[in-house]
Amino acid sequence: MGRYVFKLPDVGEGTAEAELVAWHVKVGDVVAEDQIIADIMTDKATVELTSPVAGKVLAAHGEPGQQLAVGSPLVEFEVEGVGNAAGAEAPPPSNPAPQASVPLTGGQSAPQSPPTGGSTREAGEGAPAPAQAGNFVFKLPDVGEGTAEAELVGWHIKVGDVVAEDQIVADIMTDKATVELTSPVAGTVVALHGEAGQQLAVGGPLVSFQVEGKGNQGEAPPPSNPAPQASVPLTGGQTKAVAPVSSPLRGEGDQPKAGGGAPVARTLSARNERPLASPAVRNRARDLGIGLQFVPGSGPAGRIEHGDLDAYVASGGRGSSASGSSTASAYERHEGTTVTRIIGVRRKIAEKMAESVRRIPHITYVEEIDVTALEELRAHLNSRKTKDQPKLNVLPFIARAMVVALRDQPTINSHYDDEAGVLTTHAAVHIGIAAQTPNGLMVPVVRHAESLDPWDTALEIARVSGAAKDGSAKRDELTGSTITITSLGTLGGVIHTPIINHPEVAIVGPNKIAERVVVKDGQMVVRKMMNLSSSFDHRIVDGHDAAVFVQRIKGLLEHPATLWMG
């Protein structure tokens, strides 16, 4: 029997520690492989950790509420075989004679037992029995609560690599975060299951290792790379696969270099691969109009980082041209196409938008509102605010108007389960704020907006929107809204047709405020006007009720003193 130490993995990119939320096991429990053993929480998500091995729990490190460092021991198991912990008791060898060794790739060596028969030989003579070796299959863990699959962003290893425990092996991306996965064992990579851009099921095989001891599987599967492989002899007539030189899987050290040692810009046509980069880098590159396939990456496995974009822009890079020059004429002809796979958060947004439009018959209602008095009040309050109070924009006033209008029409503050035919009307008003983030459109939630004054509302909108943008929003800050505001601020245009955030039944969308000439009391005057665009689920909200709701909001905003009267 041996001892296996399961260390806290890195469950979020750049996360140095995580909070232990709860244990699902206790000392003395016999645990199956992939059984849930603990819940941990980072600033991005709550994650259920599963056991990488089957065995008996010898020790559980940490108490609920405690912050644990990534890479520190979490659970110690008694397992069959050697385990992975120094000092663990190994099963007695069948032949106690001293062992020699033969060199392997990477400077490591494999133990070699002398032959039976009363005599010993020099290492390399004859065919002595091989040391005990097993196959360990590392399965894709659940890196986000409720996540059924994740996208493989890129590999940090290739077939034939000798990997240390806790070494980064792959980057994966869910709709919540990009995560660097580390190896739970030390061993040689036998197979990689999946290619960059592929969706992998949680619990499915990710990497197969050859390890010392029995491992956690029977016979090792064939390598996932079908290209012919060279081999080097091991003891006992066995061979060890070595990845071919032309392997398409790139490790950290084999990025192509130019004559001066600088990385060469990669192109999709030449390498037939998707450049490695985080969602934030991809969005920034898109804003800059830069094709990532032309940007040299300095990160692990050629990952493109923000500094690489800065360097590319500083060098005057604008993409690839036939002459290789970084400058181009304003009238230069362009050829070719760019194919972009819709993945990660953007794919989730696309699915949710399509589901909302498919399932909900939208009715859109637009009304113009004179916000001159509201803007005067807002300017007055901002001029008198204290240092600890935020600057007010129009959103807290719209949120308050919605809260007051919902008192007369509570059905609009509802969720509709069309499959079950059940409408759930909420007493609390949890307002979703549609926000553009580096990872795409998200809807952080201002909870209990009915209990907040304009300052508190502004603070909460800024807090949850900021958390969504920097990736620190918790799960309960991104779910549970009962009605949503969508605003593009000064880019709001004249009107728009907002899509309802399913399963809600209404969404309100203010457009930009602009000075217009209007007729008031028989006189042509300049007023500050804003159109309010709103959409409703026509199965629940009739056109008359939608108009009454918007007109109530209009009246409140045009007479802002009434917003907090009762």
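Predicted model only: the values in this text are computed from it and were never measured. Only this structure's heavy atoms are used, side chains among them; waters, hydrogens and symmetry mates stay out.
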Minimum heavy-atom separation for [X] to [Y], with atom names?
{"X": "V169", "Y": "S183", "value": "CG1-CB, 3.7 Å"}
{"X": "I37", "Y": "W23", "value": "O-CE3, 3.5 Å"}
{"X": "P444", "Y": "A435", "value": "CD-CB, 4.1 Å"}
{"X": "V508", "Y": "P510", "value": "O-CD, 3.8 Å"}
{"X": "A399", "Y": "I431", "value": "CB-CD1, 3.7 Å"}
{"X": "E180", "Y": "I168", "value": "OE1-CD1, 3.4 Å"}

When you compare the side chain of [Y] with that of [X], does any pair of heavy atoms fall below 4.5 Å?
{"X": "I507", "Y": "T486", "answer": "yes"}
{"X": "L20", "Y": "Q67", "answer": "no"}
{"X": "V548", "Y": "Q409", "answer": "yes"}
{"X": "P454", "Y": "W564", "answer": "yes"}
{"X": "F6", "Y": "P52", "answer": "yes"}
{"X": "I369", "Y": "M529", "answer": "no"}
{"X": "M353", "Y": "I499", "answer": "yes"}
{"X": "V445", "Y": "T479", "answer": "no"}

| Test side-chain contact (heavy atoms from CB on, under 4.5 Å) applied to R527 and R516, step by step | CA-CA 6 Å; R527 306 290 289 179; R516 304 180 202 163; over 6 Å; no
[X]/[Y] ion pair, N-O < 4.0 Å:
{"X": "E355", "Y": "K352", "value": "no"}
{"X": "K56", "Y": "D29", "value": "no"}
{"X": "K139", "Y": "D34", "value": "yes"}

| task | Decide if the gap between the ring center of H362 and the ring center of H538 is smaller than 6.0 angstrom. | result | no
Just by distance, with hydrogens left out, do [X] and [Y] show a side-chain donor and acceptor under 3.5 Å apart?
{"X": "T411", "Y": "T425", "value": "no"}
{"X": "E450", "Y": "H448", "value": "yes"}
{"X": "H61", "Y": "E76", "value": "yes"}
{"X": "S481", "Y": "E504", "value": "yes"}

| request: With side-chain contact (heavy atoms from CB on, under 4.5 Å) as the test, would you mind laying out the steps for H415 and L423 before giving the verdict? | output: CA-CA 6 Å; H415 287 172; L423 181 72; over 6 Å; no
| Would V446 and V464 satisfy side-chain contact (heavy atoms from CB on, under 4.5 Å), going step by step from the backbone distance to the final call? | CA-CA 7 Å; V446 174; V464 296; 4.1 Å; yes
Can you measure from [atom1] ([X]) to [atom2] ([Y]) and round to the nearest 0.5 angstrom?
{"X": "I485", "Y": "S534", "atom1": "CD1", "atom2": "OG", "value": "10.0 Å"}
{"X": "I553", "Y": "I398", "atom1": "CD1", "atom2": "CD1", "value": "8.5 Å"}
{"X": "I157", "Y": "L192", "atom1": "CD1", "atom2": "CG", "value": "5.0 Å"}
{"X": "K391", "Y": "W455", "atom1": "NZ", "atom2": "CH2", "value": "11.5 Å"}
{"X": "L557", "Y": "L374", "atom1": "CG", "atom2": "CG", "value": "6.0 Å"}
{"X": "K385", "Y": "H380", "atom1": "NZ", "atom2": "NE2", "value": "14.0 Å"}

| query | Parallel under 30°, tilted from 30 to 60°, perpendicular over 60°: which one fits the rings of F77 and Y4? | reply |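 Plane angle between 30° and 60°, so tilted.
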| query | Going through the distances and angles, do N501 and S356 end up as a side-chain hydrogen bond (donor to acceptor under 3.5 Å, both in side chains)? | reply | CA-CA 7 Å; N501 186 22; S356 180; over 6 Å; no
Counting distance only, does the side-chain N/O of [X] pair as donor-acceptor with the main-chain N or O of [Y] below 3.5 Å?
{"X": "Q198", "Y": "E195", "result": "yes"}
{"X": "R539", "Y": "I360", "result": "no"}
{"X": "N413", "Y": "H426", "result": "yes"}
{"X": "D542", "Y": "H544", "result": "no"}
{"X": "E558", "Y": "D370", "result": "yes"}
{"X": "E376", "Y": "A373", "result": "no"}
{"X": "D308", "Y": "E305", "result": "yes"}
{"X": "W155", "Y": "G194", "result": "yes"}
{"X": "K520", "Y": "V525", "result": "no"}
{"X": "S72", "Y": "A69", "result": "yes"}

| Which is it for R463 and D456 under the salt bridge (Lys or Arg N to Asp or Glu O under 4.0 Å) test, yes or no, and what are the steps along the way? | CA-CA 10 Å; R463 186 188 71 80; D456 291 336; over 6 Å; no
| query | How far apart are the C-alpha atoms of E477 and R447, what are their side-chain angles, what is the distance that settles it, and do they pass the salt bridge (Lys or Arg N to Asp or Glu O under 4.0 Å) test? | reply | CA-CA 9 Å; E477 293 173 328; R447 296 190 175 276; over 6 Å; no
| Pair Q66-E19, side-chain hydrogen bond (donor to acceptor under 3.5 Å, both in side chains): steps then yes or no | CA-CA 6 Å; Q66 182 177 347; E19 178 183 339; over 6 Å; no
| Counting only heavy atoms not in H306, do more than 12 sit closer than 6.0 Å to its NE2 atom? |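 It does: H306 NE2 has more than 12 such atoms within range.
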| Is R384 atom CZ crowded by more than 12 heavy atoms from other residues, nucleotides or ligands, each under 6.0 Å away? |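 No, CZ of R384 has 12 or fewer neighbouring heavy atoms, counting only those of other groups under 6.0 Å.
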| query | Can you list the steps and then say if T497 with T364 is a side-chain hydrogen bond (donor to acceptor under 3.5 Å, both in side chains)? | reply | CA-CA 6 Å; T497 56; T364 298; 5.4 Å; no
| field | From CA spacing to verdict: side-chain contact (heavy atoms from CB on, under 4.5 Å), L181, L140 | value | CA-CA 9 Å; L181 294 183; L140 180 63; 3.7 Å; yes
